[in-house]
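A short worksheet on the structure shown next.
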Amino acid sequence: MAKYPFENIEKKWQQRWEEEKTFHVTEDPAYPKNKRRYVLDMFPYPSGAGLHVGHPEGYTATDIYCRFLRMNGYNVLHPMGFDAFGLPAENYAIQTGTHPEVTTMANVDRFRAQIKALGFSYDWDREVSTCMPDYYKWTQWIFLQLFKQGLAYESEMPINWCPSCKTGLANEEVKDGECERCHTKVTRKRIRQWVLKITVYADRLLEGLDKVDWPEPIKLMQRNWIGRSEGASVHFSLPGHKETLEVYTTRPDTLFGATYMVLSPEHPLVPALTTKECKASVDAYVQEAARKSDLERTDLAKDKTGVFTGSYALNPVTGKEIPIWISDYVLISYGTGAIMGVPAHDERDWDFAKAFGLPIIQVVAAAGETGPFDREPEACTVADGFAVNSGQFNGLPTPEAIKQITAWLEKRGIGEKAINYKLRDWLFSRQRYWGEPIPVIHCNKCGIVPLDEKDLPLLLPQVTSYTPTGTGESPLANIPEWVNTTCPKCGGPAKRETNTMPQWAGSCWYYLRFLDPKNDKAFVDPAIEKYWMPVDLYVGGAEHAVLHLLYSRFWHKVLYDIGVVSSDEPFLRLVNQGMILGEDNQKMSKSRGNVINPDDIINNFGADSMRVYEMFMGPLEVSKPWSTAGLVGVSRFLERAWATSEKPIVDSEPSAELTKLLHKTIKKVSHDTDTLNFNTAISQMMIFLNEVSKLEQLPRKLWEPFVLLLSPYAPHLGEELWEKLNISKDVSAKGSSVSKAAWPMYDEALTLDEEKEIVVQVNGKIRDKLVLPAGSDEETLREKALASAKVQEWIAGKTIAKLIVVKDKLVNIVVKA
RNA sequence: GCGAGAGUGGUGGAAUGGCAGACACGCUAGACUUAGGAUCUAGUGCCUUGCGGCGUGAGGGUUCAAGUCCCUUCUCUCGCACCA
């Protein structure tokens, strides 16, 4: 069989689509709200390596879905753009002196060409790149809104610092104590930073998850990251000091068991609480802790360390003095940076008390435990139970004890109900060049002054050196003529902010810019925003579970609160595509040499084969290995479709059997495409084609619907086959495209079989099969089953205990010896 | 350690609690040929000469019936990791 001319076909149709703007979309009011869909891909970072086979997986899925929706009468917004600010281009600039804009634009061009070569139905008139001034003008504008809302502030806390990237990192960017990007060990550094108050939105971000159709694991990851917990604040008085020591605990019911306190080494009260005798050891410990990296303080040092401060606090319920220690197992960044030590009911406190010989008092007993409870317990128990050794609260089950002790504390003004989060504010500035300049000015007189909105965009200046200073200042700090400016408020001399925004900034809101990408009056026109938003389907990798997807939701909620967007959640439905592994079942990587290049596949097998194969590999959501042999199988399927199309088209009626198969196929492909189960939809099309390709002549009634079904999957071949079909109808004129044709309908009646194969089981084992008219009643099934000779052999001499009949499916005869 | 997900032929994978292995790859045999990642036909879970038996990581359970539901357990992948 001749190889089908995919090179010509694919080039031809890609040109046609481009020239005729086939996929250009407008806010046509004729479509009611329920006939509009916004289907979004996670836009790529245009790396120097070019497109990866992973990219087309999600892009093909959404493309098929969009084409399917259009053919079903929907107005579909399906845009693409580029996440174009980022470190690799800047690092390349440091090595070669080439401006990041030059490399980035070259990479964007390459990515665009590669993406277009796959025949996706994007509206390219809406393309955006986050590094373009007319785009980042609005990123800066959003920053100003955050600033005005009091959600952006400067801070000088010790932060995660990547010595290799020479920049600060957000908590979300640190994995296993390493920089997520370059795997360098993260150290701590104290420099001035811009921080966004994402914590203010913690509850809203949590609640919003209940409203969206996202994979549960992703929701769970976000919930865990936000890490809300309920408990109580307790104020311990400090004999000899005016201050009190506040701690946060989720187990106020264990207060009677608090036998010591621990402060984080960074806690502000440490100097005041340290007695003369203990000063030397405390100072040494504090210094040692400051020197350690986070990793050393956690992973490598599970053995508890700490020193006594020499001071005591009063346990508010027992009135006893308990010693105050410092230890690095208490984190300054969570709660109040201080804890009460309840060794009997907290593993960490148990370890600490054991290490330093501190008293351990049991205050919670398991249900049924009888005591006595006056001895030191043998093991730490964290489970709920009932209170013991807790005075008036004895006997209360844990939840009730928590309530009552909290109320008791509140009444005396020494404690109250409290809520805490693991989520920290978002460290938003980077000490690098290739990012959005933060649009604020530092004035000696007026302090921090935001730029006026009319002065946006604040352009990135040209620099001679891209090398980060490494001292905590960006390369922008080395350009005096840019840094030195005048204060917009007082007109006096002032300095520009030299930090830039992280890469997440541009990707936080790109889905909004796609709506109205050329608007220079607003970041999006409100009417257009209302027309499309929110995003109906968002497809991308799971690696963004807590980074991009949390940041985006945060910004979106702020934009909602200031009234510039109409929904409080941006992405209604999220689907994560699985990773495509190498043929060796390992993650694709240059070092393993198992990388598949999409360009090679397109050149050798065509874009349609690539698309259909990636969808045929398995379910969209799971990881699966690449197999070139599997690709060949799909390629043969398309070859066969082409070969079949070369047969003479006839208007005669197809056989009843094939008509039935056609209607079953339309039904299954329609359903499976709608639910994104592309692999089984393709399988059904293969079954159909295997039968139809046996014919000598091709009935139009079979072939037309099949071409329509195939066309979202293999759009170039689809167009070509459609054109071939319609030559006699003379509608191959300009503007005609299979993508504008109507999706085929099926007749439910024609999908039903007249005869059903009935399985006959004896004691659950298949002993015979009967063919009976569909809908045969139970009585008939029973009679026919019992009449079967094979069945008779198996039930001879036995008594029938039970007889189960499932209509149109099976008969199970349960017999006893 | 905690949390989540996944374990089905030689391979990728199908299966509203009702015929396990659709579809595809690979393999075997045959046909054909303009030797092409051809094409066509038949076969292909394991054991057994056969009747038949056994099979969805392992072990229990519920059910007339379990890949599917429940419990226990193992392995792998991912996420979090002293968050009080």
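Note on naming: letters A, B, ... go to the chains in the order of the sequence lines (proteins, then strands), and numbering restarts at 1 for each one. Computed from heavy atoms alone, side chains included, the values below leave out hydrogens, waters and symmetry copies.
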Would you measure the distance from the [atom1] atom in [N] across to the matching atom in [M] and give it in whole Å?
{"N": "A20(B)", "M": "A15(B)", "atom1": "C1'", "value": "7 Å"}
{"N": "C74(B)", "M": "A24(B)", "atom1": "P", "value": "40 Å"}
{"N": "U56(B)", "M": "C46(B)", "atom1": "P", "value": "15 Å"}
{"N": "U33(B)", "M": "C40(B)", "atom1": "C1'", "value": "11 Å"}
{"N": "G13(B)", "M": "U8(B)", "atom1": "C1'", "value": "9 Å"}
{"N": "C71(B)", "M": "G3(B)", "atom1": "P", "value": "14 Å"}
{"N": "U77(B)", "M": "A29(B)", "atom1": "C1'", "value": "41 Å"}
{"N": "G21(B)", "M": "G60(B)", "atom1": "P", "value": "25 Å"}

Of the options [options], whose atoms approach the side-chain atoms of [X] most closely?
{"X": "Leu810(A)", "options": "G18(B), C82(B), G12(B)", "result": "G18(B)"}
{"X": "Tyr329(A)", "options": "G37(B), G13(B), A84(B)", "result": "A84(B)"}
{"X": "Val632(A)", "options": "G37(B), G13(B), A84(B)", "result": "G37(B)"}
{"X": "Asn690(A)", "options": "C82(B), U41(B), C23(B)", "result": "C23(B)"}
{"X": "Trp794(A)", "options": "G52(B), G13(B), G3(B)", "result": "G52(B)"}
{"X": "Lys422(A)", "options": "G53(B), C80(B), A84(B)", "result": "C80(B)"}
{"X": "Ile339(A)", "options": "U41(B), A84(B), C40(B)", "result": "A84(B)"}

Distance below 4.0 Å between [X] side-chain N/O and [N] OP1 or OP2:
{"X": "Arg223(A)", "N": "C80(B)", "value": "no"}
{"X": "Arg251(A)", "N": "A84(B)", "value": "no"}
{"X": "Arg636(A)", "N": "G26(B)", "value": "yes"}
{"X": "Ser229(A)", "N": "A84(B)", "value": "yes"}

Would [X] and [Y] pass as an ion pair if we require N to O under 4.0 Å?
{"X": "Lys417(A)", "Y": "Glu230(A)", "answer": "yes"}
{"X": "Glu639(A)", "Y": "Arg636(A)", "answer": "no"}
{"X": "Asp768(A)", "Y": "Lys784(A)", "answer": "no"}
{"X": "Glu657(A)", "Y": "Lys660(A)", "answer": "no"}
{"X": "Arg223(A)", "Y": "Asp210(A)", "answer": "yes"}
{"X": "Glu543(A)", "Y": "Lys175(A)", "answer": "no"}

What nucleic acid atoms does [X] come within less than 4.0 Å of, heavy atoms only: base, sugar-phosphate, or nothing?
{"X": "Val806(A)", "result": "base"}
{"X": "Asn420(A)", "result": "nothing"}
{"X": "Phe616(A)", "result": "base"}
{"X": "Ile687(A)", "result": "sugar-phosphate"}
{"X": "Ile804(A)", "result": "base"}
{"X": "Phe605(A)", "result": "base"}
{"X": "Thr680(A)", "result": "sugar-phosphate"}

_Near RNA chain B, counting only heavy atoms under 4.0 Å, which residues of residues 756-771 of chain A show up?_
Glu757(A), Val759(A), Gln761(A), Lys765(A), Ile766(A), Arg767(A), Lys769(A)

*Contact residues, residues 540-549 of chain A to RNA chain B [heavy atom, < 4.0 Å]*: none

Euclidean distance, atom [atom1] of residue [X] to atom [atom2] of [N] [Å, nearest integer]:
{"X": "Asn812(A)", "N": "C19(B)", "atom1": "CG", "atom2": "P", "value": "12 Å"}
{"X": "Gln222(A)", "N": "G3(B)", "atom1": "CD", "atom2": "P", "value": "20 Å"}
{"X": "Glu639(A)", "N": "A24(B)", "atom1": "CD", "atom2": "P", "value": "15 Å"}
{"X": "Tyr4(A)", "N": "U39(B)", "atom1": "OH", "atom2": "P", "value": "14 Å"}
{"X": "Glu180(A)", "N": "A81(B)", "atom1": "CD", "atom2": "P", "value": "12 Å"}
{"X": "Asn576(A)", "N": "C78(B)", "atom1": "CG", "atom2": "P", "value": "15 Å"}
{"X": "Asp346(A)", "N": "C82(B)", "atom1": "CG", "atom2": "P", "value": "13 Å"}
{"X": "Trp626(A)", "N": "G13(B)", "atom1": "CH2", "atom2": "C1'", "value": "16 Å"}

*asked:* Once you measure the plane-to-plane angle for Phe352(A) and Tyr329(A), does it fall in the parallel (<30°), tilted (30-60°) or perpendicular (>60°) bin?
replied: tilted

*Mapping Val330(A) and Gly633(A) to their closest nucleotides on RNA chain B, which lands nearer the 5' end?*
Gly633(A)

*On RNA chain B, nearest-nucleotide positions of Glu216(A) versus Val814(A): which is more 5'?*
Glu216(A)

*Is the distance between the ring centroids of Phe605(A) and Tyr613(A) under 6.0 Å?*
no

*Would you please indicate if the ring centroids of Trp325(A) and Phe356(A) are separated by under 6.0 Å?*
yes

Look through every strand shown and name the nucleotide pairing with [N] as Watson-Crick or G-U wobble, where both distances are under 3.5 Å.
{"N": "A35(B)", "answer": "none"}
{"N": "G12(B)", "answer": "C23(B)"}
{"N": "C69(B)", "answer": "G61(B)"}
{"N": "U28(B)", "answer": "A42(B)"}
{"N": "A4(B)", "answer": "U77(B)"}

_Please determine whether any donor N or O and acceptor N or O are separated by less than 3.5 Å between the side chain of Lys809(A) and the base of C19(B)._
no

Compute whether any side-chain donor of one residue and acceptor of the other, for [X] and [Y], lie under 3.5 angstrom apart.
{"X": "Glu172(A)", "Y": "Trp225(A)", "result": "yes"}
{"X": "Tyr334(A)", "Y": "Ser264(A)", "result": "no"}
{"X": "Asp425(A)", "Y": "Thr199(A)", "result": "yes"}

*Phe6(A): what forms a ring pair (Phe, Tyr, Trp, His ring centres under 6.0 Å) with it, not counting sequence neighbours?*
Tyr4(A)

_Quick check on G10(B): syn or anti? Syn means the glycosidic torsion is within 90 degrees of zero._
anti

*asked:* I'd like to know if the side chain of Asp808(A) and the backbone of Gly775(A) have a donor-acceptor N/O pair within less than 3.5 Å.
replied: yes

